[in-house]
Student: 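Before I ask anything, let me first share the structure, which is written out below as structure tokens.
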Amino acid sequence: MTAQTFFIGFFGVAAVWFGIVVFRTFSMVRSALALLFSQTALGAMFLSMQVEFLGVLQIMMMATEMTIMAIFMVMFMMDPGGLGKMDMTHQKRLSLAVGIVSFVAAVAVAVFIDWGPLASTAPDAAQQTVDLGLELLGRSMLIFETAGITILTSMIAAIAVAIQPLKRNDKS
Amino acid sequence: MTTVFILISLVFGAYLVAVIEDWALTGRFRLTAPVFSALALLGRESVLPRKLDRVFFEVAPVLLLLSAVLAVAVVPLSPDLIITDLATGALFINAALVYVLVALLMAGWGPDGAYAMIGGWRFLGQLIAYAMLIVMPLTAVVMRAESMLTTEIVVSQAGLWNIVYQPVGFVLFFIAAMALAFLPPFDLPTSKGDLAGGVEAEYSGVRLAVFRLGRLVLIITLAAATVIFYLGGWQGPWLPPWAWSAIKILVVTAVMLLGGRMLPRIREAHLLSWCWIFGIPLALLNIFLVGVLVLVFP
Amino acid sequence: MITGARLGTLTGFRRLIASAMSHDLNVFLVPGPDIARAQGLDIESSGLQPVASPRHANVLLVMGPVTPALQEATAVIYAQMVRPRSLFVLGAQDLSSLPAADVEAELSQQGLIEGVNRLRRVFSESAFRPSISDFDVPILQIRIEYTCSMHPEIVQDEPGSCPRCGMFLIPREVQSMAEHRHMNHQKINTDAEIPVTFTHNHGDHQHDASMEYTCPMHPDVVQNEPGSCPRCGMNLEPRESQTESDHDHHHMDHADQGNMNMDHDDMGFMSMIDVTKDLPRSEDGLPMEWIDAPFGPFFPGLPGGLLLLLTLDGDAVARSETHCLSENTELVQSPSMEPPNFIERLTCVNPLSPIAYRLLACRALEHAAGIDISAETARARIGALERERIASHLGWLALFAQQTGFDWLMRRAASLQLKFLTAEFQQIKVLKPSVLALIKRLQQTPLLKSRTANIGQLMADIVSYGPVARAAGIDNDARNDDKICVALGFTAVKQIRNDVLARLQVRLDEITHTLMLIEAADAVVVPVSNTVGKISSSGEARVETPRGMAHLQLTLENGQVMTAQLDAPSTYHLNLINPMIDQQELGDALMAVNSLDLSPWEVLQ
Amino acid sequence: MTPLEQYGLLLGMLVGTIGLILCLYALARQVGKNHSEPGKDVPATSGQLSRDPVWVRYHARYYGYALLFLSFDMEMAFMYPWAIVYKQVGLVALLDMGVFLAILFLGLLYGWSQGALRRQ
């Protein structure tokens, strides 16, 4: 048990440290990839908590999405290489206060809420995925389909905003 | 014990890939060439560009080798010859191989050179083209095997290999695997003609050796993945299982390395539009067909 | 003894590494692989492995003519190679800006092979040496100059604050030579609407110094008298005006702010809208920053000696500038030249098609002297010219394949080209089936049509020669009005698509046609100069070189060549580059430039 | 091997590979030190010394595809659990995923019709 808790703690601290690097660094690409590795540390934390499918999924999907965030950050933010050493932080006192308040609230939720009986053993990794699959097709089929609809709306909204309307002649 | 054996066979496989690639490039079958070039690279200086991003420049080759080595952890060479038989094996291979993109982006952005940067962002465009064509055919393979365990996937192909069961999926997966390993005709990030070496142009000495070792291991890992997903892994009539795995992996590696030489480099605009306009509908069709097949012939 | 050895005593482990290095010779070719092939050197079979980047190379092979501008670039390449590095020179060269050559050999395949063996011994003996000397050449020297990000025209040699906006200046490294000698060498840019000021070497452009006033934040606000800027109210700064429609492109100054700490609060928040207001917008309306990337004289995808300075908007070409670093100086060097020396001089003007220029010189001299030659030798000369045309087109195919990463075609075309260079008439008959097989196989390659279709389109109304013109449907082949060619059954080959695919197709058809022409000529003899009496008159000649019609005029003074004026096709094709590759993707632009089959050597000053 | 031991083995492989690479670097450093010379550390651009930084706002032309890719990547997260239980559940699963994929295919068609799937 102690090794598992050690790794959960280690990867948690790594995720937080990478999160801090996201804001302390000047280069946009560095901050995007720092966020990527903080998500990877989060995925490793899931793995050490024996949630294999979620952990591997987190490690995989976050990599592609954070790199796409990196290219958009490089395209639309000033001085992506961080050469000008511009200090991007502002309203420091306000954000510090908000940070502390939310941390205290999170700890309070974690400690004081009654999470129900402690499960003796988690189902093994393969069984978890099967249960998730059955859950998707069974009880929460509605959530599954609304997820499909929300993904569709996100696609349409993104294209409507970002893509220039086609000039009629070149509808290739 | 199996871990040590598999890692040694991985290094030997990477050596064979180097020999085959050298034979494809120069037409001479020299068994000692990779050893000499590795030693020579070790003996050369490793220059750091002037205004570089030191973290990116150092981490990129290491991350490339790491992602290739970790992806081998779930590859079964025979029923009990596998390092870690993860329950989400198929997904784990894909998760490990995504960090090839992160490594190449770091190698592109790190040295602050025009050729490297263009090569790096080009590979992100290439990922957007091939990523879906790796994931969707894998879903069809998992559907047939009813589990993501790579050993289960191989066992599920006992009667009929997946290359025969879902040929469309195999073709899409093979093309996407060659694009992932940036082999010609998909060598957009490290193209000699457009970018004078592109992403790997700024590396020299031992860092270049690690970068090239990472690429060789990546090729052998992708060949092994193609074998276990579509060519029935270790199954075969007379030879012992590990022999079949070795033969199939080498054949797929040879096809990957020699096939690419016969085509000009593809345009990035074409790669993106063909993968998205023809590739993804085909992949969805493949999933639908396999869905029907799995139900009709249990 | 190699000057580029690495520091260290040759102990056991280093001896092993040195012997490994002697077996793994990666070569960087100067001035280029196409020149090596044109001179009959087979690099791969000699044991050297060509590489694309100087960082991967440990041998720098210098062969073929190296003009002073190219020597600077060669010094840069040598400086960027990684130790232990070596310099291998073929043929007598006076390389002033490079250290003494480690291995010298004569310019032939035999010399190359013997030089490689000596190179292996040299590497295994002295790859590591206890004492080494730096390689330092004036072009590599840098001096720090300080400039302000908002006003690129403020340049000082010592740190301080900008006289105009008060921000402290950022250090920038600039080459110490006053200006790039080759930069304002024959600068060809026909980019009409924005006269290009090459932003990173400010100050060295002399402009008329009438005063004008402009706002630091909005350079397009320009007035003749001081006042405040209509947009942001800042008072306008005096600035000596450059050409009137020039808006000094600030795209680079945001990026190289050095370590200037531009804090947000004191300067007033500058949103991205303000910053990118005046930047030129690309087709999809995004105001992105452009980078200046040189595709220099030794770029593996371009003909050796051609420098392409591209301003890239992402991976598309926003602006381009073309320089020929390899052009030759005057044809007639001393006040007058003996005819045989003149013929030799003209032959080595363009290493890519020597026989065509030798024939040009012979014909011009014969026209001046009024000698007419027998039909037999005329046919043999045409046979030699056509053989060189096939070799030149195969060489172009190899360079085209190298640029598009088509490995199989590169090796096949290169090996055939080397065979054709020295093939006698019988051997040409033997080689014919393999060339035709290569062409047929090439035309069936999947992906090739889609890779090359409608790329590098040229406008219809431009002057072009040779295969480039014939791909656009214009037939200006000099062989049409050459009686002997027409007698041998020459018919011009034409296409209409006017893109890279059409040029590829025209060259392939020309190869098949010239094979038949050679068979009809049934003799291949290199043109030889015959004696010209003590006459003084002027002569001129036209020859269809593989790249188009070359025209030579010369004047003779009692048997001595006084003046000569060569008009080569590549000088016209250089002007086609800029309009053709505007807003093209980088790969397409380089392939389009390649499809023109430029030879920078024949562009005369 | 329990899953936790498997993850431990993966972490061991990761640390082992990093160790191997560090040994290689140490061996290379033992052979000799880098000798800095003028012009050697400038990024190699085929014969020219390009000293200006190139970390600028890069104009990527594939952002149309990138936006659609993000949505398809989310969809993929749902497809794996569905694929595992597909044979067990049978026809309902086929119809269910059919609807899901049809919705997303609609998004792809919309993107294609609006010109997102081209080089911007």
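Naming convention: chains lettered A, B, ... in sequence-line order (proteins, then strands); numbering from 1 in each chain. Predicted, not measured: the structure shown is a model, and the values here were computed from it.
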Student: Compare every heavy atom of Lys192(B) with every heavy atom of Ala52(C), then report the nearest pair and how far apart it is.
Tutor: CB-CG, 3.9 Å
Student: What distance do Ser53(C) atom OG and Leu195(B) atom CG have between them, rounded to the nearest 0.5 Å?
Tutor: 12.0 Å
Student: Compare all side-chain heavy atoms of Glu268(B) with those of Asp315(C) and state whether any distance is below 4.5 angstrom.
Tutor: yes
Student: Can a donor-acceptor pair be found, under 3.5 Å and without considering hydrogens, that links the side chain of Arg451(C) to the backbone of Arg265(B)?
Tutor: yes
Student: When heavy-atom pairs shorter than 4.5 Å are enumerated against chain C, which of Leu25(B), Leu41(B), Ile266(B) gives the highest number?
Tutor: Leu25(B)
Student: With a 4.5 angstrom heavy-atom cut-off, is it the side chain or the backbone of Ile455(C) that approaches chain B, or both, or neither?
Tutor: side chain
Student: Backbone N or O of Gly43(B) within a donor-acceptor pair of the Arg6(C) side chain at under 3.5 Å?
Tutor: yes
Student: Contact between Pro264(B) and Phe400(C) at the side-chain level, heavy atoms closer than 4.5 Å - yes or no?
Tutor: no
Student: Minimum heavy-atom separation for Ser450(C) and Trp274(B), please, with both atom names.
Tutor: OG-CH2, 3.5 Å
Student: Does Asn26(C) reach the side chain of Arg44(B), with side-chain heavy atoms less than 4.5 Å apart?
Tutor: yes
Student: Ile118(B) versus chain C, heavy atoms under 4.5 Å apart: side chain, backbone, both or neither?
Tutor: side chain
Student: Is the backbone N or O of Val82(C) less than 3.5 Å from a side-chain atom of Glu45(B), with the two atoms forming a donor-acceptor pair by type?
Tutor: no
Student: Quick one: what part of Arg85(C) sits under 4.5 Å from any heavy atom of chain B, side chain, backbone, both or neither?
Tutor: neither
Student: May I ask you to test the Thr445(C)-Met262(B) pair for a side-chain heavy-atom distance under 4.5 Å?
Tutor: no
Student: If you count heavy-atom pairs under 4.5 Å between each of Ala201(B), Gly113(B), Gly197(B) and chain C, which one has the most?
Tutor: Ala201(B)
Student: Which region of Leu447(C), side chain (C-beta onward) or backbone (N, CA, C, O), has a non-hydrogen atom less than 4.5 Å from a non-hydrogen atom of chain B, or is it both or neither?
Tutor: both
Student: Heavy-atom distance under 4.5 Å to chain B: side chain of Pro294(C), backbone, both or neither?
Tutor: backbone
Student: With a 4.5 angstrom heavy-atom cut-off, is it the side chain or the backbone of Phe128(C) that approaches chain B, or both, or neither?
Tutor: side chain
Student: Below 4.5 Å from any heavy atom of chain B, which atoms of Arg411(C) appear? Answer side chain, backbone, both or neither.
Tutor: side chain
Student: Using a 4.5 Å cut-off on heavy atoms from C-beta on, say whether the side chain of His23(C) contacts that of Thr32(B).
Tutor: no
Student: Can you tell which of Arg55(C), Met81(C), Gln80(C) makes a side chain to side chain contact (heavy atoms under 4.5 Å, CB included) with Ser204(B)?
Tutor: Arg55(C)
Student: Under a 4.5 Å heavy-atom cut-off, does chain B meet the side chain of Asp588(C), its backbone, both or neither?
Tutor: side chain
Student: Side chain, backbone, both or neither: which part of Glu585(C) has an atom under 4.5 Å from a heavy atom of chain B?
Tutor: side chain
Student: What part of Leu312(C) lies closer than 4.5 angstrom to a heavy atom of chain B: side chain, backbone, both or neither?
Tutor: side chain
Student: Please state whether the side chain, the backbone, both or neither of Thr452(C) comes within less than 4.5 Å of a heavy atom of chain B.
Tutor: neither
Student: Measure across Ala24(B) and Asp407(C) and return the closest heavy-atom pair with its distance rounded to 0.1 Å.
Tutor: O-OD2, 4.3 Å
